[in-house]
Amino acid sequence: MSGPLLSIEGLVAGYGSIVALRGVDLHVDAGEIVTLIGANGAGKSTLMMSIFGAPRASAGAIRFEGRDITRAPTHEIARLGLAQSPEGRRIFPRMSVLENLRMGAALSDPRLFEQDLERMFAIFPRLKERRDQRGGTLSGGEQQMLAIARALMSRPRLLLLDEPSLGLAPLVARKIFDVVRELNKSEGLAVFLVEQNAYHALNLAHRAYVLVNGRITMSGGGRELLARPEIRAAYLEGGHG
């Protein structure tokens with residue numbers, strides 16, 4: 001494959017008369033972790049959701065492996081090899097851990113289910129202990145593990161992670177980021193991460209973008225942005241780190 005895995009060009013999107021994204025350009029290459037940081041209300045989650053078509057782009061283009069998916073139905077986008085662990089986790093609370101993982105595998109070859117299940121249990125041993133427990137009774141950290149594992153059950157080439165550390169204790173959040181780093185390193189999984197914890201996100205990322213009021217205002221290497229005084233002042237020194 002030549003060119004980026006995911007490319008977003010001139011993306012404009014919003015809700016009704018509210019424009020949340022104002023001409024966003026970014027890309028994610030195969031095997032990369034790319035993070036998007038920004039304050040609350042900057043448009044980060046809107047960008048993440050617009051990749052899957054909700055909301056639809058009103059201008060610009062979204063391409064995956066060179067294919068234009070700007071107007072593609074959500075289920076078709078998922079079949080191409082994208083999976084999302086959404087903000088707020090959105091697991092199925094009345095379903096067991098095992099049933100949630102089965103839902104994640106809906107688009108995969110059923111013959112690979114047991115193999116993929118064991119892989120998830122190796123990555124997240126806590127889920128193995130809780131396999132028959134209802135999702136809604138899990139702790140916040142366990143629910144986040146389940147949301148990520150459910151996304152991974154579809155064997156994606158690109159994993160979209162929206163605020164994975166939200167509401168988690170620092171130690172649990174660190175574990176989640178360690179898992180993401182290891183999946184990228186050992187399997188070459190490409191990850192597009194939206195995250196308010198700028199310190200963890202920039203430490204983890206190969207490259208990063210800063211979104212302010214629906215526009216990309218800065219981009220560069222993750223560690224490079226972490227070292228910039230204006231990033232530290234805006235996102236780290238006010239208690240965000």
Partner residues of [X] under the salt bridge (Lys or Arg N to Asp or Glu O under 4.0 Å) criterion, sequence neighbours left out:
X	answer
R134	none
R228	E230
R131	none

Worksheet item: Which residues satisfy the ring pair (Phe, Tyr, Trp, His ring centres under 6.0 Å) test with F177, sequence neighbours excluded?
Response: H200
Same cluster (ILVMFWY, side-chain, under 4.5 Å), [X] and [Y]:
X	Y	answer
L107	L146	no
M145	V179	yes
F124	M103	no
M218	V212	yes
I33	I123	yes

Donor-acceptor check, side chain of [X] to backbone of [Y], threshold 3.5 angstrom: yes or no?
X	Y	answer
N184	G31	yes
Q143	L138	yes
Q115	L112	no
E224	G221	yes

For a quick test of reading the model, state the closest non-hydrogen atom pair linking [X] to [Y] and the distance between them.
X	Y	answer
L152	R119	O-NH1, 4.3 Å
M153	M120	SD-CG, 3.5 Å
L202	A208	CD2-CB, 3.4 Å
Q144	I176	CG-CD1, 4.0 Å
L236	Y199	CD2-N, 3.5 Å
T35	A205	CG2-CB, 3.5 Å

Would you say that [X] contacts [Y] through its side chain, given a criterion of any heavy-atom pair below 4.5 Å between the two side chains?
X	Y	value
Q84	L159	no
L26	L11	no
I77	I62	no
I216	L36	yes
V210	L225	yes
E99	F92	no
K128	E118	yes
R63	L6	no

Let me confirm one number: the [atom1]-[atom2] distance from [X] to [Y], rounded to the nearest 0.5 Å.
X	Y	atom1	atom2	answer
R126	K175	CZ	NZ	6.0 Å
L226	I231	CG	CD1	9.0 Å
R22	L211	CZ	CG	10.5 Å
L166	Q196	CG	CD	7.0 Å
I148	S85	CD1	OG	5.0 Å
R207	F192	CZ	CZ	9.5 Å

Worksheet entry | V34 and its side-chain contact (heavy atoms from CB on, under 4.5 Å) partner, picked from L193, V28, L158 | V28
Fill in: Residues in side chain to side chain donor-acceptor pair (under 3.5 Å) contact with S165, at least two apart in sequence or another chain
E195
Determine all donor-acceptor pairs shorter than 3.5 Å in which one atom belongs to a side chain in residues 45-57; sequence neighbours excluded.
{"unit_1": "S45", "atom_1": "OG", "unit_2": "E87", "atom_2": "OE1", "d": "2.8"}
{"unit_1": "S45", "atom_1": "OG", "unit_2": "D162", "atom_2": "OD1", "d": "3.2"}
{"unit_1": "S45", "atom_1": "OG", "unit_2": "D162", "atom_2": "OD2", "d": "3.0"}
{"unit_1": "T46", "atom_1": "OG1", "unit_2": "Y15", "atom_2": "OH", "d": "3.2"}
{"unit_1": "S50", "atom_1": "OG", "unit_2": "T46", "atom_2": "O", "d": "3.3"}
{"unit_1": "S50", "atom_1": "OG", "unit_2": "L47", "atom_2": "O", "d": "2.7"}
{"unit_1": "R56", "atom_1": "NH1", "unit_2": "T70", "atom_2": "O", "d": "3.2"}
{"unit_1": "R56", "atom_1": "NH1", "unit_2": "A72", "atom_2": "O", "d": "2.9"}
{"unit_1": "R56", "atom_1": "NH2", "unit_2": "A72", "atom_2": "O", "d": "2.9"}

Discussion item. What verdict does the side-chain contact (heavy atoms from CB on, under 4.5 Å) test give for Y209 and K44, after you've listed the backbone C-alpha separation in whole Å, the side-chain angles of each residue and the deciding distance to 0.1 Å?
Written reply: CA-CA 10 Å; Y209 295 89; K44 303 188 303 297; over 6 Å; no
Worksheet item: So V24 and R215, side-chain contact (heavy atoms from CB on, under 4.5 Å) or not? Walk me through it.
Response: CA-CA 6 Å; V24 170; R215 289 188 171 90; over 6 Å; no
Fill in: Flag if over 12 foreign heavy atoms under 6.0 Å of CG, N213
no
Item to complete: For atom CZ of R181, decide whether the heavy atoms of other residues, nucleotides or ligands shown that lie under 6.0 angstrom number more than 12.
Response: yes
Worksheet item: Does the pair L80 and E65 meet the rule for a side-chain contact (heavy atoms from CB on, under 4.5 Å), with working shown?
Response: CA-CA 9 Å; L80 295 176; E65 293 190 315; over 6 Å; no
